[in-house]
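What's counted below: heavy atoms across the whole structure, side chains too, no hydrogens, waters or symmetry copies. We're numbering straight along the sequence, starting at 1.
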Amino acid sequence: MTMFPTLTTPAAGGTALRQRLLQTAAALAAGLPLYWVLGPQPLGWLAWCSPLPVLWLALRSSRRDAAWMTFLAALLGLSSNVAYFRLLMPLPAVLAVMFVKALLWLLVVLATRRLVLRYRSGWTVLAYPVLWVAIDTAMAALLPDGNWGSLAYSQADNLAILQVAALAGVPGLLFLLCLAPSALALLLAGGRAYAPAAGAAALLLAAAFAGGAWRVQGMSGAPAPGGPLAGLVAIDDFIGPATPPARAQAVWDQYARHVGQLAGQGATLVLLPEKIAVLAPAQADAVRQRFQALARSTGAWIILGIGVQDAAGRRNLAWLFAPDGAAPVSYQKHHLAPPEREFLAGSAYAVQPVAGFAMGLAICKDMHFAPLGRAYGVAGAQTMLVPAWDFQVDAWMGARMTAVRGVENGYAVLRAAREGVLTVSDAYGKLLAERASSAMPGSTLLAPLPAARPVATWAGWLGPLFGWLCVALSVILLGVGRRSTPAV
């Protein structure tokens, strides 16, 4: 039987104080790696081991000490989001969100500890990853912001392991990411009895990496030489109610100038960002006529994001203008970010033939939700056109979450974000081109369109199935684990 010797022993006086200080230092040290992986731009390699110190401390401490040390470490890690959260909500709400997220860490770690110490068996290596996948799945389905910032997205630049998302979506990717520190924690805290479980976990991870590397090596999503080009544009300046008319006109003129220049360089389509302005119907109609004529004169497809406010309310739209000068295809944003929750949400999808490709329209936050990405995959989209507007500090996360939807569903993604980045990624998640946005006169990117050959994935059905299976297993584990709680 594995002993899991405790690090905390009864003490009194100065010895007790010294022990508490050491425990506090240990908790802060355990939380420091989390600080670099729980924020908007995580260190992908560190995500594989950052939970290890917290799990190890919990397994080697009394339940009470494990609880407060885990909570303290989680708060330190989550504090990396404070600057971002403050852009979206008042300070009391920020503190409430961090408190709830820290409680989730407390729940997962203490439940894992209870199961490991109760059963002292190799299968308990699955507890930590199953619990986190369950929570992530529930958040994605129930919260208005979904599972934004899920630890799984930290691997968006790790092409080999990212291919797991094509098989089992974010749930499968997150499971593997959490399995590694779970296996190491049990091995380090529990000893050789857990070597077989750790070995099995290592084999599974090695197979995932090898399979992903093989898939990437054999990928055929690279652009064909001489193929069609795409242009992306972003000017950070927003045309708001207080914007002087001359300034607003200058921004629109600059967008038109960029479209003309990119089309002149061979761009078949030009993607502009989300919600360049929020306009009354008459003003919006003037913009529509201008870009309708621009598409006809340049011979390029143009996609721009615009807000329209009429008697019914405000809508966040993406317009797709065809080179023949026809009325634009209009798409209304489904999932609204916190600053625009008063906007009307859309429900329709838009897949159109563009430059020989079946292209879908979505707007920014829409692509943070796997069901919407899956719906476009089922509809046959080969490429997604995504106008976006980020908050600078979340530019990496916004772009990578969108690219992961492409891996899950086998399509390329073009995303143009104000206060973010312009990106072109293929169906394997490979970033083919990237450039930061900027204020006037803005940033442009000219890149070949990724090849649009069909890329088979299983994530559309296996991802949700695996995620909800973990939810069911977590309910069972939490119930079983409470039947006999260790007294340590």
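When all heavy atoms of W468 and A141 are compared, the pair lying nearest together is CZ2-CB, 3.7 Å. Minimum interatomic distance between V407 and Y428 (heavy atoms only, all atoms of both residues): CG2-C, 3.5 Å. Closest non-hydrogen pair, A362 versus M384, comes out as CB-CE, 3.7 Å. When all heavy atoms are compared, the tightest approach of L232 to T423 is CD2-O, 3.6 Å. In terms of heavy atoms, P273 sits closest to I276 at O-CG1, 3.8 Å. The two residues L372 and Y349 make their nearest non-hydrogen contact at CG-CE2, 3.9 Å.
Side-chain atoms of L294 and F321, non-hydrogen and from C-beta on, never get closer than 4.5 Å to each other. Looking at heavy atoms from C-beta onward, V421 lies out of side-chain contact with R435 at the 4.5 angstrom threshold. Residues V170 and S150 have side chains in contact (heavy-atom distance under 4.5 Å, counting atoms from C-beta outward). No side-chain heavy atom of L431 sits under 4.5 Å from any side-chain heavy atom of V424. Counting heavy atoms from C-beta on, the side chains of V413 and T383 never come closer than 4.5 Å. Taking 4.5 Å as the limit, some side-chain heavy atom of L179 sits within range of a side-chain heavy atom of L204. Side-chain contact check for N158 versus I161: some heavy-atom pair is nearer than 4.5 Å. Within the 4.5 Å cutoff, no side-chain heavy atoms of Q265 are placed close to those of L229.
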*asked:* Run the side chain to side chain contact (heavy atoms under 4.5 Å, CB included) test on L272 and V270 for me, step by step, so that the C-alpha distance in whole Å, both residues' side-chain angles and the decisive distance to 0.1 Å come before the verdict.
replied: CA-CA 7 Å; L272 278 56; V270 181; 3.7 Å; yes

*Test side chain to side chain contact (heavy atoms under 4.5 Å, CB included) applied to M359 and Q352, step by step*: CA-CA 5 Å; M359 295 196 177; Q352 297 292 322; 5.8 Å; no

*L143 and W148: side chain to side chain contact (heavy atoms under 4.5 Å, CB included), yes or no, with the steps?*
CA-CA 10 Å; L143 297 183; W148 182 95; over 6 Å; no

*List the steps, then state whether side chain to side chain contact (heavy atoms under 4.5 Å, CB included) holds for L477 with V130.*
CA-CA 9 Å; L477 289 176; V130 164; 4.2 Å; yes

*Please walk me through it: do R341 and D145 pass salt bridge (charged side-chain N to carboxylate O under 4.0 Å, His left out)?*
CA-CA 11 Å; R341 292 277 157 82; D145 294 310; 2.6 Å; yes

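Note that CG of L446 is 6.0 Å distant from CG of L262, once rounded to the nearest 0.5 Å. From L361, atom CG reaches atom CH2 of W319 across 13.0 Å, with rounding to the nearest 0.5 Å. Between W252 atom CH2 and I235 atom CD1 the span is 9.5 Å, to the nearest 0.5 Å. Atoms CG and CH2, from L38 and W105 in turn, are 5.5 Å apart once rounded to the nearest 0.5 Å. In this structure, CD1 on I302 lies 10.5 Å from CZ on R290, to the nearest 0.5 angstrom. Note that the CG atom of L414 and the CG atom of L269 stand 6.5 Å from one another [nearest 0.5 Å].
Between the side chain of D394 and the backbone N or O of F391, at least one donor-acceptor pair lies under 3.5 Å. With hydrogens and angles disregarded, no donor-acceptor distance shorter than 3.5 Å links the side chain of S182 to the backbone of C178. Looking only at distances, a side-chain donor or acceptor of D366 sits under 3.5 Å from a matching main-chain atom of H335. Of the possible donor and acceptor atoms, one in the side chain of D426 sits under 3.5 Å from a partner among the backbone N and O of K430. Judged by distance alone, the side chain of D285 and the main-chain N or O of P281 form no donor-acceptor pair under 3.5 Å. Under a 3.5 Å cut-off, the side chain of T298 and the backbone N or O of G260 do not form any donor-acceptor pair. Checked by atom type and distance alone, the side chain of Q155 pairs as donor or acceptor with a backbone atom of G44 at under 3.5 Å. For D237 (side chain) and M440 (main-chain N/O), a donor-acceptor pair under 3.5 Å exists by modelled atom type. The main-chain N or O of G325 is found under 3.5 Å from a side-chain atom of Q292 such that the two form a donor-acceptor pair. Remark: side-chain polar atoms of R418 are not paired, donor with acceptor, to backbone N or O of W389 under 3.5 angstrom.
Aromatic ring centres of W48 and F209 lie closer together than 6.0 Å. Close placement of the F175 and F466 rings is indicated, their centers lying within 6.0 Å of each other. Ring centroids of W301 and F357 are separated by 6.0 Å or more, keeping the two rings apart.
Between E419 and K275 there is no salt bridge, since no side-chain N of the basic residue sits under 4.0 Å from a carboxylate O of the acidic one. Of the charged side-chain nitrogens involved, none lies within less than 4.0 Å of a carboxylate oxygen, so that E340 and R314 do not count as a salt-bridged pair. Ion pairing between R415 and D390 holds under the 4.0 Å rule for side-chain N and carboxylate O.
Ring orientation note: the planes of Y331 and H334 are close to parallel, at an angle under 30° on the 30°/60° scale.
For Q332 and R315, the side-chain atoms include no donor-acceptor pair closer than 3.5 Å. Looking at W396 and D157, their side chains do bring a donor and an acceptor atom within 3.5 Å of each other. Residues S443 and S438 have side chains that bring a donor and an acceptor to within less than 3.5 angstrom of each other.
Environment of CH2 in W36: sparse, with no more than 12 heavy atoms of neighbouring residues, nucleotides or ligands closer than 6.0 Å. Surrounding CD of Q289 are more than 12 heavy atoms belonging to other residues, nucleotides or ligands, all under 6.0 Å away.
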